[in-house]
Amino acid sequence: MVSLEFHDPSGAIEVKQPHASRIATLAGKRIGFVSNEQWQAYRMLPRLKALLEADFPGIEVLPIDAFPQGNAVIGSEETASLVKASGVDAVIIGNAA
Amino acid sequence: MTNAVAGVGLAPDAAMVTFPIEMFLPGSDISPVETRKREFYDGLTRWRSALARDGAGEAPMICVQGTSVENAFARANHLMLANRWGDGLPLWPPTRERVDWILGGAAQPRGRGLGTFPPRGGVTTVESCAIALAMAGGRPEYLPVLVAAVGAFLDAASGSEQLQAASGSAFPVVIVNGPIGAQIRLNAGFGCLGPDPQRPAGASIGRALRLLQQNLGGALPGIGTMANYGGMRYTNVVFAEDEANLPAGWTPHGTERHGFAPGASSISLAFANGVTNIRRRGAKKETPEEDALQGMHRMADFMRVPNMPGLAGYERGTPGILMIPGVVAQTMAGLGWTKASIREFLWEHSRIPAEQLRRAGCPAWIEIDASKVTRESLALDPWPITASPDNFMIVVAGGGHPTNSYWLQGYSPGVVGRPIERPSSFERLLADAERDLGPR
């Protein structure tokens with residue numbers, strides 16, 4: 001038999017931080033949306049907002065446009081700071097395709 | 001999405017609710033948002049990453065066995081395809097011996113970090129480049145160009161983080177200036193964007209860059225890159241400017257765009273999303289002046305198109321790269337044209353009437369652009385396809401024949417230059433190449 005040993009070309013990934021912990025329940029929580037306004041987000045995210053408000057007592061879902069919208073701005077540090085300052089317990093980001 | 005998540009330092013995993021593409025189209029049925037609402041709720045409350053913490057470190061070694069050298073080589077190739085490390089063409093397995101040989105062309109230590117490859121965030125080193133170049137059939141004297149190109153690619157100003165995943169099929173274009181082009185047999189003449197057995201450097205370097213985009217960056221078709229078509233992606237585009245045929249007074253591209261000293265070896269990296277051959281010369285009894293002017297108008301006509309991805313480079317990038325053969329450049333220079341006056345002409349004559357922009361729905365794209373300069377350009381009629389004539393890239397390259405020029409349509413938020421560093425052993429590597437590749 002002939003052996004051929006070679007490098008794995010996929011390299012390594014450096015994990016620098018854990019994912020955000022999940023919340024125990026949505027009832028009574030404050031939820032935000034960060035929208036890129038693409039891929040029917042203008043229809044789908046309001047539908048999801050209405051579903052959340054109907055299904056969980058005491059939930060507060062911020063308006064879809066509470067934070068800057070659009071691909072050019074949703075990944076910025078400024079947007080992240082606004083989300084943190086808003087005091088939301090969780091955030092939903094959409095849409096990607 | 002998992003690539004993007006990994007690229008910001010999280011485990012390559014995310015709480016996502018995925019739907020078929022049809023739901024994201026205009027007029028779609030969005031009722032699945034309601035029928036699958038529980039998945040959204042679980043993503044906020046119950047989801048846990050399934051991936052254990054990973055760490056940066058040396059790439060592990062893989063071992064295959066075969067009944068013969070040929071069989072082991074074939075099995076290695078099958079394994080690389082199964083692991084999604086290949087491009088469908090035969091690969092050299094990056095054995096320790098071959099990678100060490102390639103690293104003979106390194107001007108930096110093998111472990112020197114160059115950054116992380118977006119969007120997946122694969123840790124990128126000089127050794128990573130050597131592994132990819134080994135797989136792509138490269139040689140050690142090509143490594144300095146690849147390392148410089150990777151440095152430019154990973155510069156945030158290039159826009160690579162977005163373009164790696166985007167649907168617009170962007171591919172990197174690497175233009176080399178300085179003596180290293182001729183030294184490593186990087187083609188600047190006939191067929192310079194295609195295969196050439198006597199000048200194979202561009203194919204290997206570009207293929208290695210593509211393998212890095214895929215293997216470290218995660219740009220797999222339909223998974224990490226949503227490029228509809230992915231043209232030019234087997235080898236990307238890597239060529240040298242034909243400096244030997246630059247007219248007197250014309251400045252090399254690397255000097256003009258990036259300020260590198262004339263005679264210095266450097267690369268310039270931009271992104272393009274299309275390639276067009278333009279028959280520029282006349283067919284009858286044109287005077288030299290008529291032939292030049294008609295050819296210029298024909299080139300501008302090819303550029304006068306609503307290339308909305310090109311908005312990404314409207315302010316600081318480029319609308320595209322125009323390649324003109326040395327013989328044409330010499331003729332035009334004799335008539336008084338310079339690179340600057342060609343740019344001015346193209347900028348003025350590629351403008352699009354506002355009415356044509358409106359009927360094609362372009363204002364909506366311009367209005368949502370992140371650049372204020374781009375948004376404000378909507379007030380201009382006719383609308384210039386780029387903010388400044390200086391953004392056009394004019395490069396002298398191509399075979400010594402006057403008929404055609406070539407337009408690489410831009411999708412390039414920036415144009416990034418890098419000097420090329422060569423190892424002290426470079427002359428010996430060139431001598432080895434002369435021996436291996438035969439007479440020029």
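We name chains A, B, ... by the order of the sequence lines, and we start the count at 1 in each one.
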Take B:Thr125 and B:Ser128, measure what side-chain contact (heavy atoms from CB on, under 4.5 Å) needs, and give me the verdict at the end. CA-CA 5 Å; B:Thr125 63; B:Ser128 309; 3.1 Å; yes
Heavy-atom pairs under 4.5 Å with chain A: which of B:Gly66, B:Gly122, B:Ala72 has the most? B:Gly66
Tell me whether the centres of the aromatic rings in A:Phe56 and B:Tyr41 are closer together than 6.0 Å. yes
Interface check, chain B: of A:Met44, A:Glu37, A:Arg43, A:Lys29, most non-hydrogen pairs under 4.5 Å belong to A:Arg43
Begin from the C-alpha positions of B:Thr67 and A:Val2 and carry the test side-chain contact (heavy atoms from CB on, under 4.5 Å) through to its verdict. CA-CA 6 Å; B:Thr67 55; A:Val2 175; over 6 Å; no
Looking only at heavy atoms, what is the nearest atom pair of A:Gly94 and A:Leu45, with distance? O-CD1, 4.4 Å
Proximal component of B:Val17, with respect to chain A [non-hydrogen, under 4.5 Å]: neither
B:Val99 portion near chain A, given a 4.5 angstrom heavy-atom threshold: side chain
Turns out that what part of B:Arg46 lies under 4.5 Å from chain A's heavy atoms comes down to backbone
Should the pair B:Arg36 and B:Phe19 be classed as cation-pi, given the thresholds of under 6.0 Å to the six-membered ring centre and 45° from the axis? yes
Count the heavy atoms of every other residue, nucleotide or ligand shown that sit under 6.0 Å from CH2 of A:Trp39, and state whether that count exceeds 12. no
Segment of B:Ala132 engaging chain A (4.5 angstrom heavy-atom cut-off): neither
Answer with side chain, backbone, both or neither: which region of B:Met16 has an atom nearer than 4.5 Å to a non-hydrogen atom of chain A? neither
Heavy-atom pairs under 4.5 Å with chain A - which of B:Ile21, B:Val69, B:Ile368 has more of them than the others? B:Val69
Does a side-chain heavy-atom distance below 4.5 Å link A:Ile92 with A:Val34? no
side-chain contact (heavy atoms from CB on, under 4.5 Å) evaluation trace for B:Leu212 with B:Cys129: CA-CA 7 Å; B:Leu212 289 165; B:Cys129 296; 4.2 Å; yes
Heavy-atom cut-off 4.5 Å, strictly under: side chain, backbone, both or neither for B:Ala15 against chain A? side chain
A quick test of your reading: do over 12 heavy atoms of other residues, nucleotides or ligands sit less than 6.0 Å from CZ of B:Arg316? no
Sort B:Thr124 into side chain, backbone, both or neither according to what part of it lies under 4.5 angstrom from a heavy atom of chain A. neither
Which atoms of A:Val91 are under 4.5 Å from chain B, going by heavy atoms: the side chain, the backbone, both sets, or neither? backbone
If one checks every heavy atom of A:Ile93 against chain B at 4.5 Å, the contacting part turns out to be neither
Donor-acceptor pair, B:Arg98 side chain versus B:Trp92 backbone, under 3.5 Å? no
Options B:Phe117, B:Phe73, B:Trp85, ranked by heavy-atom pairs under 4.5 Å with chain A, top entry: B:Trp85
At a 4.5 Å cut-off on heavy atoms, which part of A:Gln38 comes close to chain B: side chain, backbone, both, or neither? side chain
For chain B, find which of A:Ile31, A:Asp89, A:Leu52, A:Val73 contributes the most heavy-atom pairs closer than 4.5 angstrom. A:Leu52
Please classify the contact of B:Ile62 with chain A as side chain, backbone, both or neither, using a heavy-atom distance under 4.5 Å. both
Going by an N to O cut-off under 4.0 Å, is there a salt bridge joining B:Glu367 and B:Arg375? no
Could you check which of B:Leu44, B:Leu211, B:Leu216, B:Thr95 has the highest count of heavy-atom pairs closer than 4.5 Å to chain A? B:Leu44
Using a cut-off of under 4.5 Å on heavy-atom pairs, state which of B:Gly217, B:Cys63, B:Ala370 scores highest against chain A. B:Cys63
Of the backbone (N, CA, C, O) and the side chain (C-beta and beyond), which part of A:Asp55 lies under 4.5 Å from a heavy atom of chain B, both, or neither? side chain
Around atom CZ of B:Arg84, are there more than 12 heavy atoms of other residues, nucleotides or ligands at under 6.0 Å? no
Heavy-atom distance under 4.5 Å to chain A: side chain of B:Pro32, backbone, both or neither? neither
Does any backbone or side-chain atom of B:Asn71 lie under 4.5 Å from a heavy atom of chain A? Answer side chain, backbone, both or neither. neither
Quick one, B:Glu315 with B:Ser371, criterion side-chain hydrogen bond (donor to acceptor under 3.5 Å, both in side chains). Give me CA distance, side-chain angles, the key distance, then yes/no. CA-CA 7 Å; B:Glu315 183 178 356; B:Ser371 160; 2.7 Å; yes
